[in-house]
Number of protein chains: 2
Amino acid sequence: MPKHSQNTTRKRRALPKAERRNQLIKATIKCIAKKGLAATTMADITNEAELSVGIVNLHFKTKELLLIETLRFIADEYKEGFDQIFASNNMQDLEKLKAIIDYDFSPRIINRNKLAVWFAFLGEVKARPIYQKICAQHDDEINHEICKLFSSLLSEKTKRKNDVELITSAYSALTDGLWLDILLSPQRSTVNAARNAAWQYVSGLLD
Amino acid sequence: MPKHSQNTTRKRRALPKAERRNQLIKATIKCIAKKGLAATTMADITNEAELSVGIVNLHFKTKELLLIETLRFIADEYKEGFDQIFASNNMQDLEKLKAIIDYDFSPRIINRNKLAVWFAFLGEVKARPIYQKICAQHDDEINHEICKLFSSLLSEKTKRKNDVELITSAYSALTDGLWLDILLSPQRSTVNAARNAAWQYVSGLLD
DNA sequence: CAAATGAATGAATGATCATTCATTATGGAC
DNA sequence: GTCCATAATGAATGATCATTCATTCATTTG
């Protein structure tokens with residue numbers, strides 16, 4: 001009685017390595033969102049993926065390595081979309097900033113499942129420096145881009161009164177904090193309120 | 001060979017319940033900061049407290065209940081200091097806001113150990129709603145007070161242009177995000193930069 | 001088609017851990 | 001001083017879980 005029978009026994013199939021890895025990573029995200037990082041077992045993950053328990057060993061060697069790849073997946077996915085916006089050359093700087101804010105609260109990238117995974121790993125950062133490392137490089141690059149954007153957008157007067165680097169880190173912190181709000185409050189309205197709050201902060205700097 | 005002998009065997013002592021509970025909670029905080037929530041075992045905690053493994057059962061019934069009380073401890077501790085500032089009646093509103101910002105980045109309350117615990121629990125919120133509940137009530141009360149403060153401090157012009165509730169939630173999110181920065185970056189300088197960023201946001205609203 | 005390859009399985013293993021509870025120690029009460 | 005209530009101990013228990021690997025199965029190659 002195979003678990004994944006529908007009516008008739010489904011045949012097991014060999015898939016390309018990359019596809020299996022993605023399948024397992026997606027199952028891991030779902031499980032962490034549902035049960036938390038601490039309570040997620042290998043059996044949970046392989047059940048969710050409708051595969052056998054031994055498969056993780058085959059594709060990731062250990063649970064810890066699967067977790068690391070899962071975090072990397074989410075970090076890369078975010079960074080990729082971010083880079084796309086920045087690389088675009090049919091947008092003015094202000095449009096880019098608007099696009100980033102929209103992106104930061106778009107459901108495909110930022111939803112409660114992914115935020116749950118994100119914050120689950122961040123919560124373990126002090127104990128597992130590897131998690132911090134995975135986030136740090138992207139973060140630095142992102143902050144650098146945002147800083148350049150503010151530099152070109154803000155008036156001389158504003159820049160004389162405020163430190164641009166400080167504005168950048170406040171902006172990043174604001175975004176992180178708003179994400180946390182979304183994770184913590186199940187209402188859908190939070191996402192819109194969060195986007196508005198981010199935009200209010202930015203527009204306050206611009207005029 | 002008792003673990004906690006120094007030179008001669010130390011006698012075990014019966015302490016008032018409340019003291020033992022605090023001792024265990026403090027040990028739990030240390031362990032979570034050092035090993036992470038997922039990897040912290042009962043043996044870790046009772047070793048740290050230099051007590052026997054059975055003691056948690058005696059004072060908290062289960063590990064889960066000890067964890068819940070630990071989160072509650074940190075939340076209550078923060079709220080208590082916050083209330084003290086707000087209850088003071090020899091401070092103007094602006095002074096109060098300054099005092100809150102100083103408080104939010106004072107090492108006694110906000111340090112990497114306590115932040116590690118804080119975010120470790122937040123990371124599990126989606127899976128364990130009880131953690132969310134413990135934080136939510138305090139958060140609501142705090143936001144309410146901050147909102148009142150902004151209402152009285154901001155000019156009519158600013159209030160006409162911006163929604164005070166949105167400003168409040170941006171302020172809270174900013175603080176949360178800056179705390180996350182402190183947890184993530186081991187440099188001591190981060191704390192001062194964070195305080196400055198928070199203050200810059202507020203002073204930008206005031207003039 | 002037969003043989004070879006290697007992807008996938010899942011029962012078995014052994015390690016880790018929370019919890020239990022019979023026993024021991026402690027500090028009042030009298 | 002001797003009892004007694006109860007705080008504290010820690011070896012033992014049983015449950016959970018990551019990992020292993022001999023076996024099974026699908027696909028490819030010759």
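The figures that follow rest on heavy atoms only: side chains count, while hydrogens, waters and symmetry mates do not. Per chain, numbering begins at 1; letters A, B, ... match sequence-line order.
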Under 3.5 Å donor-acceptor, [X] side chain and [Y] backbone:
{"X": "B:Arg20", "Y": "B:His59", "result": "no"}
{"X": "B:Lys96", "Y": "B:Phe86", "result": "yes"}
{"X": "A:Trp118", "Y": "A:Leu180", "result": "no"}
{"X": "A:Gln23", "Y": "A:Ala49", "result": "yes"}

Separation of [X] atom [atom1] from [N] atom [atom2], in whole Å?
{"X": "B:Ile55", "N": "C:dT20", "atom1": "CD1", "atom2": "C1'", "result": "15 Å"}
{"X": "B:Arg21", "N": "D:dA8", "atom1": "CZ", "atom2": "P", "result": "13 Å"}
{"X": "B:Leu58", "N": "D:dT6", "atom1": "CG", "atom2": "P", "result": "12 Å"}
{"X": "B:Asn47", "N": "D:dT9", "atom1": "CG", "atom2": "P", "result": "12 Å"}

* Asked: Would you say the side-chain atoms of B:Asp181 and B:Thr190 include a donor-acceptor pair closer than 3.5 Å?
  ->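 No - no donor-acceptor pair under 3.5 Å links their side chains.
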
* **Flag for A:Tyr78-A:Asp104: side-chain donor and acceptor within less than 3.5 Å** =>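 Indeed, the side chains of A:Asp104 and A:Tyr78 share at least one donor-acceptor pair under 3.5 Å.
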
* Asked: For DNA chain C, what residues of residues 119-128 of chain A have any heavy atom nearer than 4.0 Å?
  ->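 Within this stretch, nothing sits under 4.0 Å of the strand.
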
* Rounded to 10°, tell me the angle between the two end axes of the helix from C:dC1-D:dG30 to C:dC30-D:dG1, each built from five pairs. =>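 Here the local axes at opposite ends form an angle of 10°.
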
Polar pairs (N or O, both sides) under 3.5 Å between protein and nucleotides 17-19 of chain D?
{"residue": "D:dA18", "atom": "OP1", "partner": "A:Met42", "partner atom": "N", "Å": "3.4"}
{"residue": "D:dA18", "atom": "OP1", "partner": "A:Lys63", "partner atom": "NZ", "Å": "2.6"}
{"residue": "D:dA18", "atom": "OP2", "partner": "A:Met42", "partner atom": "N", "Å": "2.8"}
{"residue": "D:dT19", "atom": "OP2", "partner": "A:Lys63", "partner atom": "N", "Å": "2.9"}

* Asked: Would you call the rings of B:Tyr201 and A:Tyr201 parallel, tilted or perpendicular, where under 30° means parallel and over 60° means perpendicular?
  ->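 Rings of B:Tyr201 and A:Tyr201: tilted, as their planes differ by 30° to 60°.
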
Determine: side-chain N/O of [X] to OP1/OP2 of [N], distance under 4.0 Å, yes or no.
{"X": "A:Arg20", "N": "C:dA8", "result": "yes"}
{"X": "A:Ser52", "N": "C:dG10", "result": "no"}
{"X": "B:His59", "N": "D:dA7", "result": "no"}

* So does A:Glu165 have more than 12 non-hydrogen atoms from other groups sitting under 6.0 Å from CD? ->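 Check fails, neighbour count at 12 or below.
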
* **side-chain contact (heavy atoms from CB on, under 4.5 Å) between B:Leu94 and B:Leu206, intermediate numbers included** => CA-CA 10 Å; B:Leu94 183 59; B:Leu206 293 178; 3.6 Å; yes

* To do: Could you go through the side-chain contact (heavy atoms from CB on, under 4.5 Å) check for A:Leu115 and A:Asn111 one step at a time?
  => CA-CA 6 Å; A:Leu115 288 174; A:Asn111 51 60; over 6 Å; no

* **Carboxylate-amine/guanidinium proximity below 4.0 Å for A:Glu95 and A:Lys98** =>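 Looking at A:Lys98 together with A:Glu95, the answer is no, because their closest N to O distance does not fall below 4.0 Å.
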
